[in-house]
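Source: prediction; values computed, not measured.
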Amino acid sequence: MSMSTERVAGETGAGHEGGTDEVRIPGRWSTVLRTMLRQRRVVVGIVVLLLLTAVAWIGPAISPWTFEERDYANFLQPPSPEHWLGTDNTGRDVFTITMVGLQKSIIIGLLVAVISTLVAAVVGSFAGYFLGVTDKALMWITDLALVLPSFLILAILFPWIRGSNWLLFVLLLAAFMWMITAKMVRGMTISLKEREYVLAARYMGVPAWKIIFRHILPNMSSLLIVDATMNVSSAIIAETSLSYFGFGVQPPDVSLGSLIAIGARQAITHPWTFVFCTGLLVVLVLAVNLIGDGLRDALDPQSKSRRA
């Protein structure tokens, strides 16, 4: 098939949906943005998230103590002008290590959300488009991953990943967070593949993978964006749960989850080692959820906020 034919196919698809999207996407997303910003909870969530991100990266730079530095004269000391949030049982500055842990939790949440959403999009769209053997194979893998106890699997694999880069832990988390979204994407793909612009592109010989990535997935961007946003908080909570039992981010790296796991052992006697990192975790997850809920309502034409 010549390049000109493919171009015509693309333009034919655009005539029904793609071209409309090229004209209306900016207007649509500006409407979504205005709808979101009319919701006080969304504004609060965005402001809090931006503040947390800024503090996480600026805090260690302005702190008088570095991440590796220890004050051997002050173990488990309460907050003071010298140590803003106190010290832990090894003499580390709690403010500095908490900010570094906040950085790692934000990065883990974003990476897991993006990876799991991409996997769900690819698996669900290919299963829904091709159906038949492809659908059965991909959905069998999806159902298998759904019934496997993710916490138990990660605990079993932990001895093999202990001491490895934390990015491997991110991949393992993402491996158990894509299945439900993949099933939703599959259902939407089955519906979208019968649209006129998809049929026109198919009849003119456009490869299936191009149809999927050029026409089908862009038309379910709302679902994917909301899913990725909500997966950020889910990933952070999952990492915290695993770290509490010793299966999360390992030293010398830290995250809010690993800091909470350490601080929980002395939360009663030395609460500053536990309270600050726990409070930041709650605020971070709440901010992300506020943004995700507002985005979902803004993209849902049936929601009260959208109708208003």
Full working for side chain to side chain donor-acceptor pair (under 3.5 Å) between Ser233 and Asn289: CA-CA 7 Å; Ser233 58; Asn289 284 340; 2.8 Å; yes

Carefully, step by step, assess Leu224 and Val185 under the rule side-chain contact (heavy atoms from CB on, under 4.5 Å). CA-CA 9 Å; Leu224 299 176; Val185 170; 3.9 Å; yes

With side-chain contact (heavy atoms from CB on, under 4.5 Å) as the criterion, how do Val43 and Val47 come out once you've worked through the C-alpha distance, each side chain's angles and the decisive distance to 0.1 Å? CA-CA 6 Å; Val43 176; Val47 170; 4.3 Å; yes

Going through the distances and angles, do Asn74 and Thr87 end up as a side chain to side chain donor-acceptor pair (under 3.5 Å)? CA-CA 7 Å; Asn74 292 289; Thr87 60; over 6 Å; no

Go through Phe169 and Glu239 one step at a time and tell me if the side-chain contact (heavy atoms from CB on, under 4.5 Å) criterion holds. CA-CA 9 Å; Phe169 177 65; Glu239 184 274 326; 3.5 Å; yes

Worked check of side-chain contact (heavy atoms from CB on, under 4.5 Å) between Leu173 and Leu242: CA-CA 10 Å; Leu173 274 181; Leu242 289 165; 3.7 Å; yes

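Taken to the nearest 0.5 Å, the OG atom of Ser222 stands 13.5 Å off from the CZ atom of Arg296. Expressed to the nearest 0.5 Å, how far CG of Leu259 lies from OG of Ser243 amounts to 9.0 Å. Atom CE of Met220 sits about 7.0 Å away from atom OG of Ser125, to the nearest 0.5 Å. A distance of 14.5 Å separates CZ of Arg265 from NE2 of His270, quoted to the nearest 0.5 Å. Rounded to the nearest 0.5 angstrom, Ser258 OG and Phe247 CZ are separated by 14.5 Å. The line from CD of Glu194 to CG of Leu192 is 10.0 Å long, rounded to the nearest 0.5 Å.
Taking both residues in full, the closest heavy atoms of Phe126 and Thr134 are given as O-CG2, 4.1 Å, listed atom of the first, atom of the second, then distance. When all heavy atoms of Thr273 and Asp88 are compared, the pair lying nearest together is CG2-CA, 4.2 Å. The two atoms that bring Val42 and Ile291 nearest to each other are O-CG1, 4.3 Å, heavy atoms only. Nearest approach of Phe75 to Gly91, heavy atoms of both residues: CD2-N, 3.4 Å. Considering all non-hydrogen atoms of both residues, Val232 and Leu110 come closest at CG2-CD2, 4.1 Å. For the pair Leu49 and Ala287, the tightest heavy-atom approach, listed with the atom from each and the gap, is N-CB, 4.2 Å.
Considering only heavy atoms from C-beta on, Trp65 comes within 4.5 Å of His83 through its side chain. At a threshold of 4.5 Å between non-hydrogen side-chain atoms, the residues Leu111 and Trp166 count as touching. Two residues are said to be in side-chain contact when any heavy atoms from C-beta on lie closer than 4.5 Å; Gln103 and Pro60 meet this criterion. Ile108 is not listed as a side-chain neighbour of Ile236, based on a closest heavy-atom distance of 4.5 Å or more. Side-chain contact between Asp93 and Arg70 is absent, with no heavy-atom pair separated by less than 4.5 Å. Taking 4.5 Å as the limit, every side-chain heavy atom of Arg186 sits out of range of all side-chain heavy atoms of Tyr129. The shortest distance between side-chain heavy atoms of Arg202 and Lys193 falls below 4.5 Å. At a threshold of 4.5 Å between non-hydrogen side-chain atoms, the residues Ile260 and Thr240 count as touching.
The main-chain N or O of Thr66 is never found under 3.5 Å from a side-chain atom of Glu68 such that the two would form a donor-acceptor pair. Ser234 places a side-chain N or O within 3.5 Å of a backbone atom of Met230 that can act as its donor or acceptor partner. Proximity of a side-chain donor or acceptor of Asn219 to a complementary backbone N or O of His215 within less than 3.5 Å is detected. For Thr142 (side chain) and Leu138 (main-chain N/O), a donor-acceptor pair under 3.5 Å exists by modelled atom type. When atom types are taken as modelled, the side chain of Ser105 and the backbone of Leu256 share a donor-acceptor pair closer than 3.5 angstrom. Proximity of a side-chain donor or acceptor of Gln77 to a complementary backbone N or O of Ala73 within less than 3.5 Å is not detected.
There is no path of hydrophobic side-chain contacts, each under 4.5 Å, that joins Leu154 to Ile156. Transitive grouping of hydrophobic side chains (ILVMFWY, heavy atoms separated by less than 4.5 Å) brings Ile115 and Leu146 into a common cluster. A single hydrophobic cluster is seen to contain both Met177 and Leu168, as judged by linkage of ILVMFWY side chains at heavy-atom distances under 4.5 Å, directly or through other members. Both Val288 and Val226 belong to a single network of hydrophobic side chains, linked directly or stepwise wherever heavy atoms of I, L, V, M, F, W or Y lie under 4.5 Å apart. Transitive grouping of hydrophobic side chains (ILVMFWY, heavy atoms separated by less than 4.5 Å) keeps Leu118 and Ile107 in distinct clusters.
The environment of CH2 in Trp57 is crowded: more than 12 heavy-atom neighbours from other residues, nucleotides or ligands sit within 6.0 Å. Within a 6.0 Å sphere centred on OH of Tyr244, heavy atoms belonging to other residues, nucleotides or ligands number 12 at most. Summarising the local packing, CG of Leu144 is surrounded by more than 12 heavy atoms from other residues, nucleotides or ligands at distances under 6.0 Å.
Salt bridge status for Arg92 with Asp71: absent, with no side-chain N to carboxylate O gap under 4.0 Å.
When each of Val282, Leu281, Val283 is tested with Val285 by the rule side chain to side chain contact (heavy atoms under 4.5 Å, CB included), just one qualifies, namely Leu281.
Residues that satisfy the side chain to side chain contact (heavy atoms under 4.5 Å, CB included) test with Phe276, not counting sequence neighbours, are Pro79, Leu85, Trp272.
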